[in-house]
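Starting from 1, each residue takes its place in the sequence as its number. Every number for a ligand or one of its atoms is a count from 1 in the order of the listing.
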Amino acid sequence: MVRELTVLPDLAPEIVELGQIPVCQYDRTLEQELADGRVAADDVKRCLEFMMMVRAFEEMIIAVRNQAYEPIKGLDFEYRGPTHLSIGQEATSVGCCAALRLTDYITSTHRGHGDGIAKGCFAAYQRDAATLREVLGIPDVERVDDATLRERALEHHLFRTAAELFGRDAGYCRGRGGGMHIADFSVGHLGANAIVGGSVGIAAGAGMSVRYRGTDQVCLCFAGDGAFCNGIAFEALNVASMGQFTNELAVRPFGVPTIFAIINNHYAMTGQAIGEVTGVDYMARRGAGFRPDNLHAEVVNGMDVLAVLDGIRRATELAREGKGPVVRELITYRYQGHSLSDPRTEYRTKEEEAAWRDVDPIAKLSGQLVEAKVCTNDEIEAMRERVEARQGRAARRAALAPEPKAEDVLVFMYSSGTSDTVPAEAKAPRQLQPPAPIARKDGKLSFKDAIKEALIEEMVRDNRVVFYGEDIADYGGAFKVTKGMLEVFGRDRVFNTSISEAAIIGTAVGAAMTGLRPVVELMYSDFEYQAGDQIYNQAAKWSYMSGGSLAVPIVIRSSVGAGKGYGGQHSQALESHSTHTPGIKVVFPSTPYDAKGLLKTAIRDDNPVMFCESQALYNDLGVVPAEDYTVPFGAAAVRREGSDITLVSWGKVALDVLEAAKVLEADHKISAEVIDPRTLIPFDIESVLRSVRKTGRAIIASQATRTGSYTGEIASQIQELAFDYLDAPVGRIGALDGVSPQSYVLERAYLPSVATIVAEARKLVGK
Ligand SMILES: Cc1ncc(C[n+]2csc(CCOP(=O)(O)OP(=O)(O)O)c2C)c(N)n1
C-alpha cells in the first residue's frame with residue numbers, strides 16, 4: 001500500500017464557488033506600456049512587421065491560387081493543396097509568440113501559417129548570430145552585419161514556409177507535410193495539425209515533458225473554438241490538470257506548463273461556437289471544469305496585439321512558476337472563408353465582416369504606433385513595402401525550388417534512430433530506490449514478469465523512459481503486470497491517468513517529440529478505438545509529415561483479451577489495424593523470453609511501437625535471462641522444423657499452432673514447420689518464404705477476425721513471391737467475422753483453436 005491519499009466520507013453541506021473569468025480587461029495604451037517599460041518601441045514595431053508578414057503571406061496564397069501573384073508570373077507553377085487562411089487573426093499568432101522564448105514550444109492547427117511564421121520570425125531575433133549563419137549556410141569567411149543577418153533569416157523563414165506549402169524539398173518538412181502539418185522543431189514549433197483538436201494532447205504532453213525534465217520552458221497550444229469541442233481537448237485538459245502533479249503525491253509539485261490558447265474566431269467550419277454548437281458564452285469557461293483555479297482562464301481581445309501579449313505574458317509567468325496549465329481565450333475573426341472554396345454567404349453577413357474589419361489588428365497597432373509617435377505613417381508604409389518585397393522574393397524562390405524526388409516518396413516513413421547509446425544526462429539515476437531482482441524458479445519468469453523486468457531495466461538504463469496509463473501505479477495495472485514499479489521509480493515516472501485513452505497516447509506523442517521515451521498502457525486493445533486519432537494520425541505520421549526532423553519514440557503496451565468470455569468489447573485482436581497504418585511498428589510476442597527482449601528493443605526504437613500482449617499468456621512461464629538482452633525486430637523464430645506445411649502465427653495463437661503441430665505429427669503423420677514472426681511490422685517474410693519453398697504449403701493464423709486480417713496480407717505475399725513452390729492455396733485462420741460472444745460455447749465456436757488449425761492443415765495436405 002503506497003498511496004498517501006485517503007478518501008473518507010465528507011458529506012457536509014457546502015456551496016462550490018466557481019470563481020471569476022476576467023473578460024477583455026486590458027485597457028492600457030501603447031504610450032503607457034512604453035512609459036512603464038513593459039514593451040520596447042523596437043519590439044512593438046517588430047510585432048507590426050510580423051503581423052504584416054503573416055498577412056502578406058496569406059494574401060500571397062490567394063493571389064498564387066488565382067494565378068495572379070506578380071512575383072511568380074510567367075513561372076510554370078500552380079498551387080495545389082488546402083487554403084485555410086488566417087487573415088484577421090494576426091494579433092493572436094504574433095502576440096502569443098511575442099511572449100514566448102526561443103526554447104518554448106507551440107503547437108498549431110490547419111489554419112496555422114501565421115503561428116509558424118510568427119514563431120520563426122521571433123526566432124530570427126532570438127537566435128544568436130552563429131546559429132543564424134549556420135541556418136542560412138553562410139560561410140565563415142563571409143562578413144554579414146547583424147541587421148542584414150536577421151533580415152536574411154526572416155526571408156529564409158518565409159522561403160522555407162512557402163516551399164513547404166508549394167511541396168518543395170526545401171520546405172520545412174521536405175514537402176511531406178504541407179501547410180496543415182508544417183513544423184520546425186528547431187524553433188520549438190511542434191507542428192500544425194489537420195485533425196481538429198489533434199495537437200491539444202500533444203501540447204499537454206510537451207508540457208508534461210517539460211515538467212518532468214525540470215526546464216523552464218512552456219508550451220503554447222493554438223487551437224480553435226471548434227477544437228475545444230473535441231474529445232481530445234477535454235481529455236488533455238484533464239490529464240494536464242491532474243492533482244498528482246501539484247499535490248502531496250508529487251515528487252516535485254509543479255503544474256504542467258501548457259497554455260491552451262483558444263483561438264475563438266467564432267466559427268468552426270461554419271458552425272458558430274457561441275449560440276449554436278456550444279452552450280457557453282465564452283469558450284474560456286472550458287477552463288472551469290478542470291481545477292478550482294479555472295486554469296486561470298481569461299478572455300482576451302485577440303484583435304489587439306498588445307492585449308494578447310499582456311494576456312499570454314502573464315500566462316507564461318504562471319506556467320513557469322508551476323501554476324499551469326493556463327487557459328486564454330483570444331477573441332478574433334477570420335476575414336476569409338473556412339478555406340478559399342467557402343464563399344461565406346450562407347452563414348454570415350457582409351455587415352458582420354465589415355464590423356470586424358473595423359477593429360483590424362494591423363490597422364489598430366499602426367494607429368497606436370503613430371499616436372505614440374514611435375512611427376510616422378510614411379515609415380509604416382515603407383515597412384509594408386519592405387514586407388511585400390521580401391514576401392515576393394521568398395515566394396518566387398520557393399516556386400523555383402526543386403521538388404522532392406519521386407523515388408524518395410517513402411523516405412522518412414520510419415526513423416532509423418535508436419537509444420542504443422544513452423546520453424550522459426539520461427543515464428543519471430532517477431528512482432526512489434534500487435529495484436529488487438524478480439525471483440526466478442529454474443531460471444523461469446512469467447510472461448508478465450518478463451515485461452516488468454524489461455520495463456524496469458530500461459527505466460534504470462535511461463531516465464527519459466516514463467510509464468503511465470490507467471491504474472498502472474499503486475495497483476500495477478488491471479493484470480498486475482507492473483505492480484511494484486511505483487515504489488521503485490516514484491510518481492514522476494510511474495503514474496496513473498484518468499480514463500483518457502486519447503490523451504494517454506496524445507500526451508505520449510508530445511512528450512516523445514520533446515525528449516522523453518514514454519511507455520504507455522492501453523488496458524485492453526479494444527480501447528485503442530478511443531485513441532485512434534492519436535495512434536494512427538499523430539504517433540504514426542509525425543516522422544514522415546515532419547520530413548524526418550523528429551522521431552516519436554513511444555511504446556503502446558496493449559493487452560489482448562480473447563478467450564475469457566469478456567464479450568465484444570474486451571476481446572478483440574486488433575493488430576491488423578496497426579499493421580494497416582504505415583508509420584507504426586507492431587510487435588506480438590508469444591514467449592516470456594521474447595516479451596522481455598522485444599519490449600527492450602521497442603523502448604530503444606525511435607519509432608512508435610504497438611506492443612500487443614495476449615492476456616492468456618501473462619502467467620506462462622519461460623526461461624528469461626536476468627541480464628540485459630534484446631530481441632531484434634523483423635527476425636522470425638522457427639519454433640519447430642517440418643517438411644509438409646508451414647504454420648505461421650503470433651501471440652497466443654503461436655502456441656496453439658505449436659500444439660497443433662504436435663497433434664498433426666502424432667495423429668496424422670503430417671510434419672509441420674512452425675514460424676513465429678515475433679514482429680508484424682517489420683515482418684520477416686524471408687523466413688516464411690524459405691520455409692514455404694521447402695514445404696509447399698502454408699497456413700497463417702491469428703485471433704483477428706478473418707476478413708481484412710493481416711493473415712491475408714501474408715498469404716498474398718507468399719502467393720506473389722513463392723507461387724511456383726505452392727502445392728495448395730495458402731490457408732488462413734482467424735476468428736469468425738462476428739462479435740466476440742460471452743457464452744463459453746459460442747466463444748469457442750468463434751475463436752480459432754488447435755482443432756481448427758489441425759483441420760485446415762489436414763485439408764491442405766490432403767491427409
Ligand atoms: C477531427 C476533424 N473533424 C473535422 C475536420 C474538418 N474541419 C477542418 S477545420 C474545421 C473547423 C475547425 O474549427 P476551429 O477549431 O474553430 O478552427 P478554425 O477553422 O476556426 O481556425 C473542420 C470542421 C477535421 N479536419 N478534423
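Of all protein heavy atoms, the one closest to atom 15 (O) of ligand 1 is A227 N, 2.9 Å. For atom 23 (C) of ligand 1, the nearest non-hydrogen atom of the protein is M269 CB, 4.1 Å. Scanning the protein heavy atoms around atom 17 (O) of ligand 1, the nearest turns out to be H110 CE1, 3.5 Å. Shortest contact from atom 9 (S) of ligand 1 to any protein heavy atom: H338 CE1, 3.1 Å. Protein heavy atom nearest atom 25 (N) of ligand 1, with residue, atom name and distance: A194 O, 2.8 Å. The shortest contact between atom 13 (O) of ligand 1 and any protein heavy atom is with A268 CA, 3.1 Å. Atom 14 (P) of ligand 1 has as its closest protein heavy atom G226 N, 3.5 Å.
Nearest-residue assignment for atom 4 (C) of ligand 1 (options V196, T109, D225; heavy-atom criterion): V196. Of the options H266, H84, R111, the smallest heavy-atom separation from atom 18 (P) of ligand 1 is shown by R111.
Within 6.0 Å of CZ on R291 lie more than 12 heavy atoms contributed by other residues, nucleotides or ligands. Few gaps surround OH on Y544; more than 12 heavy atoms of other groups in view lie less than 6.0 Å from it.
Judged by distance alone, the side chains of S415 and N607 never bring a donor and an acceptor atom under 3.5 Å apart.
For the pairing with H113, the side-chain hydrogen bond (donor to acceptor under 3.5 Å, both in side chains) check across H84, E164, E58 returns one residue only, E58. The only member of V519, I535, I504 that meets side-chain contact (heavy atoms from CB on, under 4.5 Å) when paired with I556 is I535.
Nearest heavy-atom pair, W542 versus A183, reported as atom, atom and distance to 0.1 Å: CZ3-CB, 4.2 Å.
Within a 4.0 Å radius of atom 6 (C) of ligand 1, the protein contributes no heavy atom.
Within the 4.0 Å heavy-atom criterion, neither part of F228 lies near ligand 1.
With F412 as the aromatic partner, R176 does not meet the cation-pi criteria of under 6.0 angstrom to the ring centre and within 45 degrees of the ring axis.
For Y710 and H580, the ring centers sit 6.0 Å or farther from each other.
Close approach of ligand 1 to N265 (heavy-atom distance below 4.0 Å) involves ligand atoms 18 (P), 20 (O), 21 (O).
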